[in-house]
Structure formats: structure tokens, C-alpha cells
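Convention: sequence-line order gives letters A, B, ...; per-chain numbering from 1. As the structure is a computational prediction, the values presented were derived from the model and not from experiment. These numbers come from the heavy atoms of this one structure, side chains and all, not from hydrogens, waters or symmetry mates.
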There are 2 protein chains.
Amino acid sequence: MRKKTIEDYVELIFILQNKDEKVHTNNVANALDINPASVTEIFQKLSEEGYIDYKKYTGVTLTHKGKKIAISTKKKHDTLKNFLMILGINKKTADIDACKIEHIVNSETMERLTKFVEFVQQFKDGTIWLDHFKHFYDTGEYVKRNHGNSKKDLVSSKQK
Amino acid sequence: MRKKTIEDYVELIFILQNKDEKVHTNNVANALDINPASVTEIFQKLSEEGYIDYKKYTGVTLTHKGKKIAISTKKKHDTLKNFLMILGINKKTADIDACKIEHIVNSETMERLTKFVEFVQQFKDGTIWLDHFKHFYDTGEYVKRNHGNSKKDLVSSKQK
DNA sequence: ATAAATTTTTAGGTTTACCTAAATAATAAT
DNA sequence: ATTATTATTTAGGTAAACCTAAAAATTTAT
């Protein structure tokens, strides 16, 4: 797997923290498929940098700083995932890609994507174009609606 | 900067190759802002793995395999950039983000995005929704067109 | 054609994110 | 309460992508 970022670790600790009580090296090691010994090192580093409270053998909790990062990362993740799913990408793939993109994408881009998801979700009746896109994706044809007439008009992508 | 992938190197060599005649350690070192000595190592590695033809001191050229990777990466890059620009992200940011996303995105996702860009580009008259989105991005309001009537109807995002 | 300047390579670091194996601490079972 | 089991940490690797400084090759200037 790809090299993990601080955001990855913190986000994961956040998720685990909201399930179980305490987060231990073993949980994290399993989730990230790395060695528990490596998680100890990661805990030390995250602790030094103020993202978690860590004392030997006791399991860790996020600090305020850590929680802030975790929440913003998770929000980015959800937005990206929703965004990809709006375009028709399946849930699992959307999740995988969101997980990678969330760490690298520019905040300006993120803002646009967030607004886009809002736009689609808030104005459901203004999104016939999405059905058109999906139809185009499947068939290569563009569905043109004649307004005031429920019949559909198929226009091949070739003839435009 | 982020750790560079083989794709980064190969794509860059491709771009340089299409400008100058030969690609030298120095060009690459400058472009990637790393030490020429490191580029020698990279050349050795890329050569071993069959992406470039490399002989000491002579500059390098892409092999068929290398060119294939380069072209597909560049295509991904252009698609991603166009895609982001369609959503209204500025050229420079779109370029930066495309450069990062191109290396990590799933091929299924890439396919969707490609189709999406095609969809928008081929059916320009079916993309009023994009103007609506941009208006929404700027103002938080949704522009509803009354068909058969050129007047616009503003619907605030609140009241939906 | 030789000296000077430049480019490229070599050799030997450093850092970072992992690893394994063994030691130590904590927990569960009798 | 000891013992056995499990979890965690320590100590000491490895590999990869960088680095610097110095050596070697190439190019340019005279």
C-alpha cells in the first residue's frame, strides 16, 4: 500500500475512537496492515507533534489538535466520496479514491467539489443532466428532452 | 515536494524530449528541483526497468514502454485538468491538482471522468446546469430557467 | 590542442517508513 | 497468587529516495 500520512493515522484513530473506548497499537496495526511495533513508533511521533495523548501501554486518545485534523479529513473524505458517487462511480471505488485524494487535493478544489455536491443534493430537480450523463456513459448517446413533450430524442454522439 | 513516482519521471522526460533533442540529468534535476546526482540514480533505475535508454553521459530517450506510460499519464493529466476547469477551478490549481491525482486515481474513476469531460465538451447546449452551478457557487442561489420565457427565476438555496 | 568551465557520475551519507525478534508489561486462567 | 497468554515496546535492521563532496568525462574558449 501507499505510504501513509499523518492525516491517515489521525483519521483512523478518530474512527476507532468513536467505536471502541481506547485505541491500541493492535487495532491500528490491523487496520493499516502494518506491524504493531511500527504503530508504537507512529504513536510516539504523533504524540511529539501534539496530535495524540500517548502514555506507554495505555492506548491513545486524540488531542484537540488531532481531533480537528481528523474531522476535517473525514469531511473531505465524505465529500469526495459523495462527489465520485454522483458521477456514478461505485461506492467501494469511490471510497478508495476518496481516501487517496483527500490528502493531496488543494483547498480551492475541495471548496468547489463541496459546493458541487451541495448543488446536486439541494436541487434534485435540476439534475436531469446527470441522468443524461449516465445515459451517455452507458450508450455514448445523448438524450435530448423535448420540453412540453415527454418523448425522448436520441442524438448520437457522432453527429454533433 | 511530494515523493515522485516513476510516472512523474517518465512524464517529465516525455515533455522535455518533445522540446529539446536530448534529455540530460541537469534538465530533469532542475525541473524536479532535486540534485543531478539523484537524477543519475533515477536514470539507472528507469533504465533497469526498461522505461528509458540510458548510457552514461549521453542523455536519455524513452523506450516504447516508457513512451506508452508517458502518453497515458499525460492523457490522464489533461483529462483531470479539463475536468477541474469545467467545475470552475482555475487553470493553475487545476494543473497542480491534476498532477497529483493522475498518479493515484483508479482506472474506473478515470474512465468516468473522461466520459464526463467528453459529455460536457460534445454537448455544449446541454450544459446550462453548469452555468447554474457556477451561479450557485458564487451566490448560493439556484437559477431556475422558465422555459419559453427568457426571464430568470431565482430560488434561494434556503427554501428548497 | 590544451586549459578552463561545465556536466555527469561515483561513493558514501541521512532520513523515513516500514520490518523482525526479543524483552517487558498487562491481562486472563487456574 | 502464580502461571500462561496476549499486548506493547525496545533494539536493531532494510530499502528507497533523496543528499553532499569529490572524481571523471565532456564541452567550450583560447
Side-chain angles (χ1 to χ4, degrees), chain A residues 1-13 15-17 19-63 66 69-70 73 99-100 102-104, chain B residues 1-13 15-17 19-63 66 69-70 73 99-100 102-104:
Chain A
M1 212 233 188
R2 168 188 55 98
K3 184 199 134 200
K4 288 123 199 166
T5 66
I6 284 181
E7 285 189 355
D8 278 308
Y9 302 132
V10 170
E11 190 185 5
L12 176 64
I13 291 169
I15 291 166
L16 294 174
Q17 196 177 257
K19 277 193 217 161
D20 317 299
E21 286 293 289
K22 282 268 174 155
V23 179
H24 292 273
T25 47
N26 247 3
N27 317 340
V28 175
N30 285 337
L32 296 177
D33 199 35
I34 59 178
N35 198 286
S38 306
V39 177
T40 300
E41 286 166 33
I42 290 162
F43 280 178
Q44 282 161 356
K45 190 183 152 200
L46 292 178
S47 170
E48 269 166 35
E49 295 179 16
Y51 296 108
I52 59 173
D53 287 318
Y54 168 61
K55 268 180 201 115
K56 285 188 194 176
Y57 297 100
T58 45
V60 299
T61 46
L62 289 175
T63 60
I69 298 277
T73 306
C99 202
K100 298 182 211 150
E102 69 194 19
H103 304 301
I104 57 174
Chain B
M1 210 231 189
R2 167 186 56 97
K3 185 200 134 200
K4 288 126 200 164
T5 65
I6 284 181
E7 284 188 355
D8 279 308
Y9 303 133
V10 170
E11 191 184 5
L12 176 64
I13 291 168
I15 291 166
L16 294 175
Q17 196 178 256
K19 277 194 217 160
D20 316 299
E21 286 295 290
K22 282 267 175 158
V23 178
H24 292 274
T25 48
N26 248 3
N27 317 341
V28 175
N30 286 337
L32 295 176
D33 199 34
I34 59 178
N35 198 287
S38 307
V39 178
T40 301
E41 285 166 34
I42 290 163
F43 280 178
Q44 281 161 357
K45 190 183 152 200
L46 291 178
S47 169
E48 268 166 35
E49 295 179 15
Y51 296 107
I52 59 173
D53 286 318
Y54 167 63
K55 266 179 202 114
K56 286 188 194 175
Y57 297 99
T58 44
V60 297
T61 46
L62 289 176
T63 61
I69 297 278
T73 306
C99 201
K100 298 182 212 153
E102 68 193 21
H103 304 299
I104 56 174

Review point. Any side-chain N or O of A:Tyr57 under 4.0 Å from OP1/OP2 of C:dA23?
Key: no
Check your understanding: OP1 or OP2 of C:dT10 sitting under 4.0 Å from any side-chain N/O of B:Gln44?
Key -> yes
Review point. Separation of B:Glu48 atom CD from D:dA15 atom C1', in whole Å?
Key: 14 Å
Review point. Between D:dT8 and A:Tyr54, is there an OP1 or OP2 to side-chain N/O distance shorter than 4.0 Å?
Key: no
Revision key, fill the gap. Whichever of B:Lys55 and A:Asn35 has the more 5' nearest nucleotide on DNA chain C, that residue is B:Lys55
Review point. Starting at the 5' end of DNA chain D, which residue's closest nucleotide do you reach first, B:Ala37 or A:His24?
Key: A:His24
Check your understanding: For B:Phe43 and C:dT9, what is the distance between atoms CZ and C1' respectively, to the nearest whole Å?
Key -> 12 Å
Exercise for review: Please state how far atom CD in B:Glu41 lies from atom P in C:dT8, giving the value in whole angstrom units.
Suggested key: 15 Å
Practice item. Taking B:Lys22 for its side chain and B:Thr61 for its backbone only, find out whether a donor-acceptor pair lies under 3.5 Å. Key: no
Point to revise | B:Thr25 side chain near C:dT7 phosphate (N/O to OP1/OP2, under 4.0 Å) | key: no
Check your understanding: So, the side chain of B:Thr73 versus the backbone of B:Glu7: is there a donor-acceptor pair under 3.5 Å, distance only?
Key -> no
Check your understanding: Reckon A:Asn26 has a side-chain N or O less than 4.0 Å from the OP1 or OP2 of D:dT6?
Key -> no
Point to revise | Exercise: do B:Thr5 and B:Asp8 side chains pair donor with acceptor under 3.5 Å | key: yes
Check your understanding: Is there a side-chain contact between B:Ile42 and B:Ile34, using heavy atoms and a 4.5 Å cut-off?
Key -> yes
Exercise for review: Please report, rounded to the nearest Å, how far the P atom of D:dA7 is from the NZ atom of A:Lys22.
Suggested key: 17 Å
Point to revise | C:dC18 OP1/OP2 closer than 4.0 Å to side-chain N/O of A:Tyr9 | key: yes
Review point. Any side-chain N or O of B:Lys56 under 4.0 Å from OP1/OP2 of C:dT10?
Key: yes
Point to revise | Which nucleotide in D:dC18, C:dC19, C:dC18 has an atom nearest any side-chain atom of B:Ile34 | key: D:dC18
Study note, to complete from the structure: From NZ of A:Lys4 across to C1' of C:dC19 the rounded distance in Å is 12 Å
Check your understanding: Counting side-chain heavy atoms from CB outward, which of C:dT8, C:dA17, C:dC18 is closest to B:Thr40?
Key -> C:dT8
Practice item. Look at the side chain of A:Thr25 and the backbone N and O of A:Val39, then say whether any donor-acceptor pair between them is shorter than 3.5 Å. Key: no
Exercise for review: Check every atom of D:dC19, C:dT9, D:dT10 against the side chain of B:Ser38 and return the nucleotide holding the closest atom.
Suggested key: D:dC19
